[in-house]
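In this text, all values refer to a predicted model and were calculated from it rather than measured experimentally. Residue numbers start from 1 in every chain, and the chains themselves are labelled A, B, ... in the order their sequence lines are given, proteins ahead of strands.
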Amino acid sequence: MEKRYDFSASAECAIYDDWDSSGAFRSRGGSSKQKSYTIMMPPPNVTGRLHIGHALDNTLQDILVRYHRMRGFDCLWLPGTDHAGIATQLLVSKQLSASGIDFKQLPREEFLEHIWRWKDQYGNIILQQLRRLGASCDWSRVRFTMDEGFLRSVRHAFLRLYEDNLIYRAERLVNWDPRLETAISDLEVNQVSMRGELCLIDYPVVDESSVITIATMRPETLFGDSAVAVHPADERYASFVGLRCLVPLTGRSVPIISDDRVDREQGTGALKITPAHDFLDFEIGRDHSLESIVIFDKRARLNDRVPPAYRGLSREQARKDVVSALRTEGLLREVRAEEHSVPHGERSGVALEPRLTKQWFLRMDDLAARALRAVDDGDTLLLPQIWHSTWRNWLSNIQPWCISRQLLWGHRIPIWYTESGDEIAAISEESALEIAEQRFGKGISLSQDEDVLDTWFSASLWPFSTLGWSDEGFTDSSLLQRYFPTDILMTGFDILFFWVARMMMMSFYFMGCVPFRVVYLHALIRDASGRKMSKSLGNVVNPIDLMDRYGCDALRFTLALQAIPGRDLRLVEKRIEGNRNFITKLWNSARFLELQDCRYDRDFAIGAIEGSLHKWMLVRLRETTIKVERALDDQTCLFHEASSVLYHFLWDVFCDQYLEMVKLVLSNGNAAEKEEARFSSAWIFYGLLRLLHPFVPFVTEKIFCDAEIFASRDKDERLITSQWLSADSLAFTADNWAGEVAELEWVLGLVGEVRSLRSCLGLSPREVVPLRCEDLTSVAERYINAWTIVARGMAGVEWSGRGISGDVIKEEKIVGFVYEGFVNAGLGLPLGFAIAEAKSRVAKQLKRWDSEFEFLKKKCFFDDKFAKNAPEAIKRAEMLKFEEAQRHKELLAKIHQDL
RNA sequence: GGGUCGUUAGCUCAGCUGGUUAGAGUGCCGCCUUGACAUGGCGGAGGUCGCUAGUUCGAGUCUAGCACGACCCACCA
């Protein structure tokens, strides 16, 4: 083995390529008899670059997949990318405009060619990056949400929903993004809090000398006003209802109406109604049959429905101009600065404009109800379960989903129109023509709907479309049979509604069951000071960069350690550094075993082990295995638990305790003991290596391949294909070896106590301290004889048993007593130490035990409530504690006196 | 307005169904390099668990209220 573990990109890639070419990642397919385990990777955007969120997401998935693979499952982890309509179109159009091409001037097909070319060139960068992360997905089944299969699936899905009247086309007010010039769904709207001006504007009442004052943050929309509304019970305005008023700057008069949706408390209580540009106004306008006056074009500039002076202005400019004109006319009563929130496009970042257009919608109520019931019934488990109520709230108040987008990149809506405007839904243009001819006779010319579908529409088919689903009798259903429903979906909570809910709905609709049994929603990664990572803050960390500096395993382990359900995690570089040290520790422990000629032998029988050191270690190994298995269970997914158990087991137990003791055996034991230590330690290490592999795959594989410890492995054998050392397969039980465990705990406790005291007393580590032992219990006597070497090697003490007189004490300063550990271990075992130090220590302890004693005495003997109400087991435990405290107190008092 | 979460050591965080002296990493202090590892070893200091009440024999843990912080949804005239 090399002296240092090489975690450079090239070294890790070599390991990865080995795995990949050995076929270890590949799922077996329909013929396999193994149990299957399926995860569909949430497809990253083709435009994406691996960010830290992907790293977390895929690390956790990889841990599960590797774990299940080692446990003998036939794993399918299917990777892929999403075509990401808006993001991709934006990116490519920006590139084009950088080279002087306006994509809007290009024919549709030509622009799409540019995008496809771009996709072929850069579209799988992120998949390459996932390899660097160690993601063990089945690359033979990689998918893209606009590949051939998806094209068929999407059209089938659309047609069925259309035929079942769940998809319909309607003219509605939708959220319109004036920069992207497309409709977007409610979910893609972000409310941004901004400073604005609330304008109180007088609308002169026709034929009266009075005015009605309305309040608005958007005075420029007054050109679209078609009424002023007040609350029916509002006495202030009761006399105006039924009259008309003049919309300033236009000369138009509009009715003053009453409607109970008007809030009397807001603004002035009088509301201007602009049906074409406000959601509430739209409803009021509809119910009062008001005209909808569209005053913005698709880029949100004022159109020719407004007075010439304002045409072509942006909303912002128009707002300024309108305010000053109103001021000139004396109709502006007041302007107040106010905070308000303005809907912005999540993607484009510009203020949205509600816009009246024809769009395609998907009715959600029934679909949502089914998805809701699935989670209520436990068919799908949401982890952490906190999300259950959020899930319920959202699904039970669901609005139709606007699925059409006025974009070029995406799945075209499979609807064709005749010249007279008849709709024909079909799977392809040919089929549409056929239908048209049947219906209307020959010679019909058709044009396809210009819109494309929301990216999330195709994404919602991901779990089954990736397995070859289409409709009736389409190909390859054996994969669906075998791998669907999938076992777990791992993703961020931010796309719970965008994606998870919609997959659930579609799966019920098309497959009749849930798409996944568990949904694990991981949290957000923040920077070291707790801020969200964002480009504008400049605090985005690049996971590739972190891997270059600390190794992939260190990053993975850090993420796993912090993957606590429902908690955001802060990425602190110190922690990654610490985990790199952990990887080094692992590497060096392997080197140690190698240098000591420890060899793994698959025929080595752990049942024949005699040394209690190894038995203890095996019990601890089994215990650790159980903890890891329990933590990785599908229903819990406690990655932080599993990884922290392994961290401490390797470092504290295996290295600092076990290997230190193995060293002593190897230097002091007899031949048989040495041999046993070599085989046992290697055997145990192999088990540990397998436990660690899902978390830190590269270093463990490298050790397995390079270390002489595993020289007996087959040439092509890889750790990734090794069988997990399951707790069940360890043929011993903790009970059989309880004595050995107690023995080791005793000696380690002793070592700890002696070390602590030595350090307090300032004894040099080199200095071997002779200790005189008296009043040994039989168990201690046995242990002391057995563990003399360890006591000397690890605690630096040389002890002598009963009957040896005090003259072994050779240092003058050693005249006090060691007490704590021995007392705790149930031994009255006084040992000599320095008097002044010992005395103050004893005094401190005495005080503690004295108060403990008094407290427990009161509780056990004078507390009636306790005596009456506490369970027997607790009472017994308290009584034991009392007796212990009493013993300690008395012993310490005596020692204190002696000193 | 509706909902969710958080507040534990200097810092970042664990702490499962209430039960010995509340833990880890990191930082800090002291000691230690001839053989796996200084990316290391050994020891140590440091917390009235946000505040107030309550339930209980017993509360970091359960209940209520409050304070501060974060987030989601809806609305915003």
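Comparing B:G40, B:G19, B:C72 by their nearest atom to the side chain of A:K532 picks out B:C72. Nearest to the side chain of A:V572, among B:A36, B:U12, B:U39, sits B:U12. If you check B:C13, B:G25, B:A36 against the side chain of A:K585, the one that comes closest is B:A36. When each of B:A36, B:A77, B:C75 is scored by its nearest atom to the side-chain atoms of A:Q191, the top-ranked nucleotide is B:C75. Each of B:G43, B:C57, B:U12 was ranked by its minimum atom distance to the side chain of A:N869; first place goes to B:C57. Among B:C37, B:U26, B:A77, the nucleotide with an atom closest to any side-chain atom of A:N588 is B:C37. Nearest nucleotide to the side chain of A:R570, out of B:G27, B:U12, B:C57: B:U12. Closest contact between the side chain of A:A215 and the listed nucleotides B:C72, B:C37, B:A77 involves B:A77. Closest contact between the side chain of A:P871 and the listed nucleotides B:U12, B:G19, B:A36 involves B:G19. Minimum atom distance to the side chain of A:T584 is reached by B:U39, of the listed B:U39, B:G19, B:C37.
For the pair A:F498 CZ and B:C73 C1', the computed distance is 13 Å after rounding to whole Å. Rounded to whole Å, the distance from CG on A:L593 to C1' on B:G35 is 15 Å. Note: CH2 (A:W651) to P (B:C37) measures 14 Å, nearest angstrom. B:C5 atom P lies 20 Å from atom NE2 of A:H522, rounded to whole Å. Rounded to an integer number of Å, the gap from A:L524 CG to B:G6 P is 16 Å. Look at NZ on A:K663: it is 10 Å from C1' on B:G40, rounded to the nearest Å. When the C1' atom of B:U7 is taken as reference, atom CZ of A:R567 falls 11 Å away, rounded to whole Å. We find that CG of A:L646 is positioned 19 Å from P of B:A14, with the value rounded to whole Å.
Note that A:K663 lies in the cation-pi zone of A:F592, set by a 6.0 Å cut-off to the ring centre and a 45° limit from the axis.
Note: A:Q596 CD to A:L593 CG = 8.0 Å, rounded to the nearest 0.5 Å.
Taking the charged nitrogens against the carboxylate oxygens, A:K702 and A:E2 have no contact shorter than 4.0 Å, which rules out a salt bridge. With salt bridges taken as basic N to acidic carboxylate O contacts below 4.0 Å, none links A:D6 and A:R4. In this structure, A:R531 pairs ionically with A:D527, as a charged nitrogen and a carboxylate oxygen lie closer than 4.0 Å. Under 4.0 Å is where a charged nitrogen must lie from a carboxylate oxygen, and between A:R319 and A:E197 no such pair does. Using a 4.0 Å cut-off between charged side-chain N and carboxylate O, A:K875 and A:E878 make no salt bridge. We find that A:E339 and A:R195 are joined by a salt bridge, their nearest charged nitrogen and carboxylate oxygen being less than 4.0 Å apart. The existence of a salt bridge linking A:R264 and A:D234 is excluded, since no basic side-chain nitrogen approaches an acidic carboxylate oxygen closer than 4.0 Å.
A:L352 is listed as a side-chain neighbour of A:I184, based on a closest heavy-atom distance under 4.5 Å.
The residue A:L271 sits close to a base: some heavy atom pair falls under 4.0 Å. Note on A:S589: a base of the nucleic acid sits closer than 4.0 angstrom, heavy atoms only. Among the atoms of the strands shown, none is found under 4.0 Å from any heavy atom of A:R630. Using a 4.0 Å heavy-atom cutoff across all strands shown, A:L198 reaches sugar-phosphate atoms only and no base atom. Counting non-hydrogen atoms under 4.0 angstrom, A:R755 reaches the backbone sugars and phosphates but no base. Within 4.0 Å of A:I874, counting heavy atoms only, lies at least one base atom of the nucleic acid. Residue contacts shown for A:I583 are absent, as no nucleic acid heavy atom lies under 4.0 Å away.
A gap of 13 Å separates the P atoms of B:G6 and B:C13, to the nearest Å. Distance noted for atom C1' between B:C49 and B:U21: 15 Å (whole Å). Nucleotides B:G41 and B:U56, compared at atom P, are 49 Å apart to the nearest Å. Between the C1' atoms of B:G18 and B:G10, the separation comes to 30 Å (whole Å). With both ends at atom P, the span from B:A53 to B:G58 equals 16 Å, rounded to whole Å. For B:G19 and B:A74, the C1' atoms lie 45 Å apart once the distance is rounded to whole Å. Comparing B:U4 with B:G65, their P atoms are spaced 12 Å from each other, to the whole Å.
Note on A:Q596: a side-chain N or O is less than 4.0 Å away from OP1 or OP2 of B:A36.
None of A:F704, A:F582, A:Y5 except one satisfies the ring-ring contact (aromatic ring centres under 6.0 Å, His included) rule with A:W587; the exception is A:Y5.
Of the residues in residues 861-868 of chain A, A:D863, A:K865, A:F866 come within less than 4.0 Å of RNA chain B through at least one heavy atom, sorted by number.
For A:W394 and A:R591, each mapped to the nucleotide of RNA chain B holding its nearest heavy atom, the one lying further toward the 5' end belongs to A:R591. Comparing A:Q562 and A:E660, the nucleotide of RNA chain B nearest to each residue sits closer to the 5' end for A:Q562.
Both key distances under 3.5 Å define a Watson-Crick or G-U pair, and stretches of 3 or more such consecutive pairs in RNA chain B run B:1-7 with B:67-73, B:10-13 with B:23-26, B:28-32 with B:40-44, B:50-54 with B:62-66.
Pairs passing the salt bridge (Lys or Arg N to Asp or Glu O under 4.0 Å) check and including a residue from residues 390-401 of chain A, sequence neighbours excluded, read A:D376-A:R392.
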